[in-house]
2 protein chains.
Amino acid sequence: MAAGELTIDQKIKYVQDTLFVISGKWKLPILMAINSGNNRFRDIQRALPGITTRVLSKELKDLEENRLLKRTVYNASPATVDYTVTTYCRNLKPLVDEMIKWGENHRAELKKEA
Amino acid sequence: MAAGELTIDQKIKYVQDTLFVISGKWKLPILMAINSGNNRFRDIQRALPGITTRVLSKELKDLEENRLLKRTVYNASPATVDYTVTTYCRNLKPLVDEMIKWGENHRAELKKEA
DNA sequence: CTGTATCCATGATGATACTG
DNA sequence: CAGTATCATCATGGATACAG
């Protein structure tokens, strides 16, 4: 098999890995919110109507563990915390772009024969 | 705003729509299995180690409702059923390809500083 | 072969209140 | 501001048995 080629089983495995990392309602939206300039906990929450502090807190931790974002604490008073996406996180852009395109198109598709 | 441009809120919305449709451990793997030549219930199940009939059955229904696959019944004896991906489903290919690439790379990334 | 019916475990998500 | 602590709820997925 030529280099770079994968078996269907490997492909399925990698897709499942990816699904696992970005799974859930909020992970990608959180990254998108941060990436578009919302770097503080409160800002992120405001940018994502419906998310609770508990969920946001947990998701931020997961994303940090997967090296998709970085958490920086500033010991000012009141203490502030900054979240920024990592360079590694930017690898997700093509994927996210595809999801935006597909989601947009899918909405149109479902309308067709509603 | 130029045509085709989306606000960050719209983007998040579309990404969430897409996530909703492909969410879960099995939907994309099922489509991939069917697409690579497993068109019968039993074949799909065999191609996806770990999936149960209950889950497969439910996922197939969801996918059919989202127009991603087509179910055809042949009234032979014993009755056979054929699942095929729709043309619309093929729109997912760029997305799936990106997920394969990302999943493959992510595995390497996590190994780096294990 | 192609499913359906139950039952059950777990995790994901949500509501709310509270702390440093 | 930036979370944590509890409690409640719901969806997902799995085990197993059975039916047409």
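Order of the sequence lines sets the chain letters (A, B, ...), proteins ahead of strands, with each chain counted from 1. All values reported here derive from a predicted model rather than from experimental measurement.
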Margin query: Within the structure provided, determine whether B:Tyr83 and B:Leu63 are in side-chain contact (heavy-atom separation under 4.5 Å).
Written below: no

Margin query: Side chains of A:Leu95 and A:Thr18, heavy atoms from C-beta outward: is any pair under 4.5 Å?
Written below: yes

Item checked: Partners meeting salt bridge (charged side-chain N to carboxylate O under 4.0 Å, His left out) with B:Lys101 (sequence neighbours left out) -> B:Glu98

Checklist line | Residues in salt bridge (charged side-chain N to carboxylate O under 4.0 Å, His left out) contact with A:Asp97, at least two apart in sequence or another chain | finding: A:Lys93

In residues 22-34 of chain B, what donor-acceptor pairs under 3.5 Å come from side-chain atoms, sequence neighbours left out?
| unit_1 | atom_1 | unit_2 | atom_2 | d |
| --- | --- | --- | --- | --- |
| B:Ser23 | OG | B:Phe20 | O | 3.0 |
| B:Lys27 | NZ | B:Ser23 | O | 3.3 |
| B:Lys27 | NZ | B:Glu59 | OE1 | 3.4 |

Listed partners of [X] passing side-chain hydrogen bond (donor to acceptor under 3.5 Å, both in side chains), at least two apart:
{"X": "A:Lys61", "value": "none"}
{"X": "B:Asn38", "value": "none"}
{"X": "A:Arg90", "value": "A:Asn35"}
{"X": "B:Asn39", "value": "none"}

Next item on the list: Verify side-chain hydrogen bond (donor to acceptor under 3.5 Å, both in side chains) between B:His106 and A:Tyr14, making sure each step is shown before the conclusion.
Entry: CA-CA 9 Å; B:His106 188 58; A:Tyr14 289 137; over 6 Å; no

Checklist line | Ion pair B:Asp17/B:Lys13, N-O distance below 4.0 Å | finding: no

Next item on the list: Tell me which residues in residues 24-46 of chain A put a heavy atom below 4.0 Å from DNA chain C, sorted by number, or none.
Entry: A:Gly24, A:Lys25, A:Trp26

Notebook entry, point to check: Do B:Thr52 and D:dT16 have a side chain to base donor-acceptor pair shorter than 3.5 Å?
Noted result: no

Next item on the list: Ignoring hydrogens and angles, answer whether the base of C:dT2 and the side-chain atoms of B:Thr80 contain a donor-acceptor pair closer than 3.5 Å.
Entry: no

Notebook entry, point to check: Are the side chain of A:Thr86 and the backbone of A:Arg67 linked by a donor-acceptor contact shorter than 3.5 Å?
Noted result: yes

Notebook entry, point to check: Are any of A:Lys61's side-chain N or O atoms less than 4.0 Å away from OP1 or OP2 of D:dT4?
Noted result: yes

Item checked: Phosphate OP1/OP2 of C:dG3: any B:Tyr83 side-chain N/O under 4.0 Å -> yes

Check: Taking the side chain of B:Glu59 as its heavy atoms from C-beta onward, which of D:dG13, D:dA2, C:dG3 lies nearest to it?
Finding: D:dG13

Item checked: Whole angstrom value for the distance that separates P of D:dG3 from OH of A:Tyr74 -> 13 Å

Notebook entry, point to check: Atom CG of A:Leu19 and atom P of D:dT12: how far apart are they, to the nearest Å?
Noted result: 14 Å

Next item on the list: Could you name each residue pair satisfying salt bridge (charged side-chain N to carboxylate O under 4.0 Å, His left out) that touches residues 33-46 of chain A, not counting sequence neighbours?
Entry: A:Asp43-A:Arg46

Check: Between the axis at one end of the helix from C:dC1-D:dG20 to C:dG20-D:dC1 and the axis at the other (five pairs apiece), what's the angle to 10 degrees?
Finding: 40°

Taking N or O atoms only and anything under 3.5 Å, show me the protein contacts with nucleotides 18-20 of chain D, one pair per line.
none

Polar atom pairs (N or O), protein with nucleotides 7-11 of chain C, under 3.5 Å:
none

